[in-house]
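Structure, as structure tokens:
The structure presented is a predicted model; accordingly, all values stated were derived computationally and were not measured. Quick note on labels: first sequence line is chain A, next is B, and so on, each numbered from 1.
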Amino acid sequence: MQTLDLKVVQQYIDDHANTPLYVHVETTNGAYATHQDPTFHSAGMFFRNAEITYERGLITGNGPYRIGLKLAHGWLYGEGLTDYEFAGDQLLIAGHDIEGRLAIAFELSPTPFAQGAEEVE
Amino acid sequence: MAYNEHDHLLVIFPHPDDEAFSSAGTIIEHATNRGPVTYACLTLGEMGRNMGRPVFTNREQLATIRKRELIAAAEKMQITDLQMWGLRDKTVEFEDEAALAERIGQLIEKTRPTRVISFYPGYAVHPDHEATARAVVRALRAIDEADRPEFLAVAFANNTKDELGEGTFIHDVSAYTDQKVAALEAHASQTGGLMKVISEDSNIRDLLVKERYYHYPL
Ligand SMILES: [Zn+2]
């Protein structure tokens with residue numbers, strides 16, 4: 001991945017407005033956080049291959065960045081974004097902490113993301 | 001003990017690297033001296049958080065990387081039958097437990113193992129570990145006692161030694177330490193900086209020479 005480039009990411013967002021996209025969104029602080037520190041409250045979520053269509057979207061901030069996609073009946077929002085990468089026609093955005101560990105993933109794709117061992121190369 | 005085609009070891013864990021940390025020595029010892037080894041790995045561990053430092057992968061590529069690492073690690077451990085069941089990391093506990101137990105039961109029926117290695121319910125820390133442990137126990141309980149393979153249960157919750165003791169079966173795997181390290185290193189995305197961890201963490205050092213299993217009442 002590389003450091004998030006607002007211009008490049010914004011272009012992808014604009015190019016895909018009003019077209020159905022699959023999303024993988026996720027926040028995490030690690031499955032073992034509480035095992036290592038019992039006082040740590042571990043929370044996270046992921047939503048894989050939800051289908052959305054947004055009418056407008058913006059990536060903004062001074063880094064780490066925020067993203068908001070305006071849906072017909074609501075919003076998809078993320079913050080703490082630091083890096084991005086294209087994988088074919090997929091846009092993969094992520095936020096990493098200073099140790100390089102994933103804190104948030106925010107990914108968009110015209111086709112469903114891989115699911116199950118067979119679909120993984 | 002002489003090598004015997006019918007002395008089959010069945011290993012069932014949810015994540016690539018669960019087998020290497022807990023059992024690489026026992027697996028290699030079995031594959032070398034006793035008989036074939038089957039490993040059913042339920043997920044690809046594709047929801048892991050570590051993306052390398054500096055970051056070298058992403059959420060989507062991690063699945064590919066961990067799949068390749070798993071295949072490489074299995075070779076290092078001389079596992080002849082590696083099965084990847086393709087459930088998604090973090091979701092094992094939400095699957096139908098009866099159906100999962102049934103599938104495990106079918107695998108047991110097919111491989112006719114003399115020993116089964118998996119996690120110890122209640123002492124396995126991660127929800128995927130606990131769900132796997134419950135399904136394995138359920139599958140084993142469905143088998144007539146006379147036909148039931150021996151169950152070696154891995155426990156590593158913080159309260160394990162206080163509540164379960166040092167272990168029912170403590171395997172001295174010091175003869176296989178180098179091979180165990182090689183298997184762990186094959187899971188490179190998860191074990192980067194392994195040598196540093198070994199030098200700092202006495203639990204990991206202990207795991208390189210002793211593999212502890214507990215008797216679980218079936
Ligand atoms: Zn695990």
Using non-hydrogen atoms and a 4.5 Å limit, figure out which bit of [X] sits close to chain A: side chain, backbone, both or neither.
X        : result
Thr57(B) : backbone
Gln61(B) : side chain
Arg59(B) : both

Contact part of [X] toward chain B, heavy-atom cut-off under 4.5 Å: side chain, backbone, both or neither?
X        : answer
Ala94(A) : neither
Asp97(A) : side chain
Ile93(A) : neither

Can you confirm whether [X] sits close enough to [Y] that some side-chain heavy atom of one is under 4.5 Å from a side-chain heavy atom of the other?
X         : Y         : value
Pro14(B)  : Leu87(B)  : no
Leu207(B) : Phe156(B) : no
His16(A)  : Leu108(A) : no

Do you know which of Gln90(A), Glu85(A), Arg101(A), Glu119(A) has the most heavy-atom pairs with chain B at a distance under 4.5 angstrom? Arg101(A)

If you tally heavy-atom pairs under 4.5 Å against chain B, which of Met1(A), Glu118(A), His24(A), Gln115(A) wins? His24(A)

May I ask you to say whether Arg48(A) pairs ionically with Glu60(B), meaning some side-chain N is under 4.0 Å from a carboxylate O? yes

Arg212(B) with Glu166(B): basic N within carboxylate O range, under 4.0 Å: yes

Would one find more than 12 heavy atoms of other residues, nucleotides or ligands at under 6.0 Å from atom CZ of Arg56(A)? no

